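Everything on this sheet refers to the single structure shown next.
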Amino acid sequence: MHALAPDLGALHRRVLDWYAGASRPLPWREPGTTPYGVLLSEVMSQQTPVARVAPIWREWLERWPTPAALAAASPGDVVRAWGRLGYPRRALRLHEAAIAMVQRHGGEVPSTPEELRALPGVGDYTASAVACFAYDAPVPVVDTNVRRVLVRLLDGEAQAAPALTRHERDLALAALPVADADAVTWGVAAMELGALVCTARTPRCEECPVEDLCAWRAAGSPPYAGPVKRTQRWEGTDRQARGALMAVLREAPGPVPAERLALAWPQEAQRDRCLHSLVVDGLVEPLDGDRYRLPA
DNA sequence: CAATCGTGGTG
DNA sequence: TCACCAAGATT
């Protein structure tokens, strides 16, 4: 697994102590946050920086304070409230998850990783994060930050693999503190260390509470040697086109004529293809008279 | 497994 | 400036 057997106890203690003093005051970390609030924050934070999430998270909780309230909203209102967080299918899935929670869980957010994992838009990471953060389950929480931290600290690698590997999963399980109370905080603490100190580019090793225990530092901070992940291009892609179309539909109070969408994305073939895929996704509703709107 | 799916900030 | 990146999930 790893060549050295570091003093995990010391590592845990120092990272947990560091977290106690250095963690950001994110709104969903405030006492009194419901499991539903935690779930919202996790889904919104999938691939979106937390700084942009915070204001939308507050608005959503105020407007739809419970799964039942969210379930009763129209998908279009939900997508519009999602605003510019990106990947709007997440908003739709959150809405579907709310309906599922009403139907299957009495309007409550389920507490086990298995039940959570069965909700739309909830994968392995989000399921364990909600179980851990909202219900104090001592389970490994493995996001991109944690993977990077563990791989540097224990493997001496500069970066994690392009996608979660079996090895990294094993590493996370092996690195979980034995005491439940520590294990529950370990997830956020390791995530926070990755977000603030052990960052992807230009890590702040001078500020790291476990620099002297880090295998990557001990090896002289060697550069990443593994496979490089493809950088996705953006200009002219369907994603850009869909984004442009969705922006128009979000900002319009009602149905939008096709000519208006043509202004937002002039290339006809691509526009039609993207409009179709948005309809298939349930993000757009076609109407009579060649008009479109967010789903009612 | 690899491609797809938004958006905006930043080194 | 612009490639890279940010609490992933789904197919």
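The model shown is predicted, which means the values in this text are computed figures rather than measured ones. Per chain, numbering begins at 1; letters A, B, ... match sequence-line order.
Rounded to whole Å, atom P of dA9(C) lies 15 Å from atom CE of M44(A). As a whole-Å value, the separation of R147(A) CZ from dA7(C) P is 12 Å. As rounded to whole Å, 7 Å separates atom P of dG8(C) from atom CD of Q46(A). If you take CH2 of W82(A) and C1' of dC5(B), they are 13 Å apart, rounded to a whole angstrom. Atom-to-atom, CZ of R90(A) to P of dT7(B) comes out at 10 Å; the value is rounded to the nearest Å. Taking atom CZ of residue R89(A) and atom C1' of nucleotide dT7(B), one finds them 15 Å apart after rounding to whole Å. Whole-Å rounding puts the L283(A) CG to dC5(B) P distance at 12 Å. Distance, D143(A) CG to dG8(C) P: 6 Å, rounded to whole Å.
Residue V53(A) is out of contact with every strand shown, counting any heavy-atom pair closer than 4.0 Å. Using a 4.0 Å heavy-atom criterion, one finds that G86(A) contacts the bases of the nucleic acid, with or without backbone contacts as well. P120(A) comes within contact range of the sugar-phosphate backbone alone, with a heavy-atom separation under 4.0 Å but no base atom that close. D124(A) comes within 4.0 angstrom of the backbone, heavy atoms only, and of no base. In this structure, L164(A) reaches neither bases nor backbone, as no heavy-atom distance under 4.0 Å exists between it and the strands shown.
Each of dA7(C), dT10(C), dG6(B) was ranked by its minimum atom distance to the side chain of R24(A); first place goes to dA7(C). Distance from the side chain of Y125(A) is smallest for dA7(C) among the nucleotides dT10(C), dT7(B), dA7(C).
Across dC5(B) and dA7(C), the matching P atoms stand 23 Å from one another, rounded to whole Å. One C1' atom belongs to dA6(C), the other to dG6(B), and the distance between them is 12 Å to the nearest Å.
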Legend entry - Residue pair L196(A), W18(A): steps toward the side chain to side chain contact (heavy atoms under 4.5 Å, CB included) verdict: CA-CA 11 Å; L196(A) 299 182; W18(A) 170 85; 4.3 Å; yes

Legend entry - Chi angles and distances behind the side chain to side chain contact (heavy atoms under 4.5 Å, CB included) call for V50(A), W28(A): CA-CA 10 Å; V50(A) 295; W28(A) 45 87; 4.0 Å; yes

Inset, instruction - For side chain to side chain donor-acceptor pair (under 3.5 Å), just list the numbers for S23(A) and R29(A), CA-CA rounded to whole Å, side-chain angles, deciding distance to a tenth of an Å, and then say yes or no. - result: CA-CA 10 Å; S23(A) 64; R29(A) 288 180 181 165; 4.5 Å; no

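No side-chain donor-acceptor contact under 3.5 Å links S128(A) and R117(A). A donor atom on one side chain and an acceptor atom on the other are found under 3.5 Å apart for E42(A) and Y125(A). T33(A) and E30(A) share no donor-acceptor pair across their side chains, judged by distance under 3.5 Å alone.
Scored by the side chain to side chain contact (heavy atoms under 4.5 Å, CB included) test, A296(A) finds E285(A), R293(A) as partners (sequence neighbours excluded). Scanning for side chain to side chain contact (heavy atoms under 4.5 Å, CB included) contacts around A68(A) gives T66(A), V102(A), with sequence neighbours left out. Qualifying side chain to side chain contact (heavy atoms under 4.5 Å, CB included) partners for D77(A), counting only residues two or more places apart in sequence or in other chains: R63(A), W64(A), S74(A), R80(A).
Of the residues in residues 25-35 of chain A, those lying under 4.0 Å from DNA chain C by heavy-atom distance are L26(A), W28(A), R29(A). Of all the residues in residues 245-279 of chain A, R250(A) reach under 4.0 Å from DNA chain B with at least one non-hydrogen atom.
A salt bridge is absent between R152(A) and E157(A): the closest approach of a Lys/Arg side-chain nitrogen to an acidic carboxylate oxygen does not fall below 4.0 angstrom. Using a 4.0 Å cut-off between charged nitrogen and carboxylate oxygen, R14(A) and D212(A) count as a salt-bridge pair.
Within the structure, a side-chain polar atom (N or O) of R242(A) is placed less than 4.0 Å from OP1 or OP2 of dG6(B). Dashed line: the shortest gap from a side-chain N or O of R233(A) to OP1 or OP2 of dA3(B) is not under 4.0 Å. Checking the phosphate oxygens (OP1, OP2) of dA9(C), a side-chain nitrogen or oxygen of T126(A) falls inside 4.0 Å.
Of the candidates Q46(A), R93(A), R239(A), R239(A) is the only one forming a side chain to side chain donor-acceptor pair (under 3.5 Å) with Y87(A).
Not one N or O on the side chain of R89(A) forms a donor-acceptor pair closer than 3.5 Å with the backbone of D281(A).
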Inset, instruction - Heavy atoms under 4.0 Å is the rule here; annotate nucleotides 1-6 of chain C 5' to 3' with B where the base is hit, S where only the sugar-phosphate is, and - elsewhere. - result: ---B-B

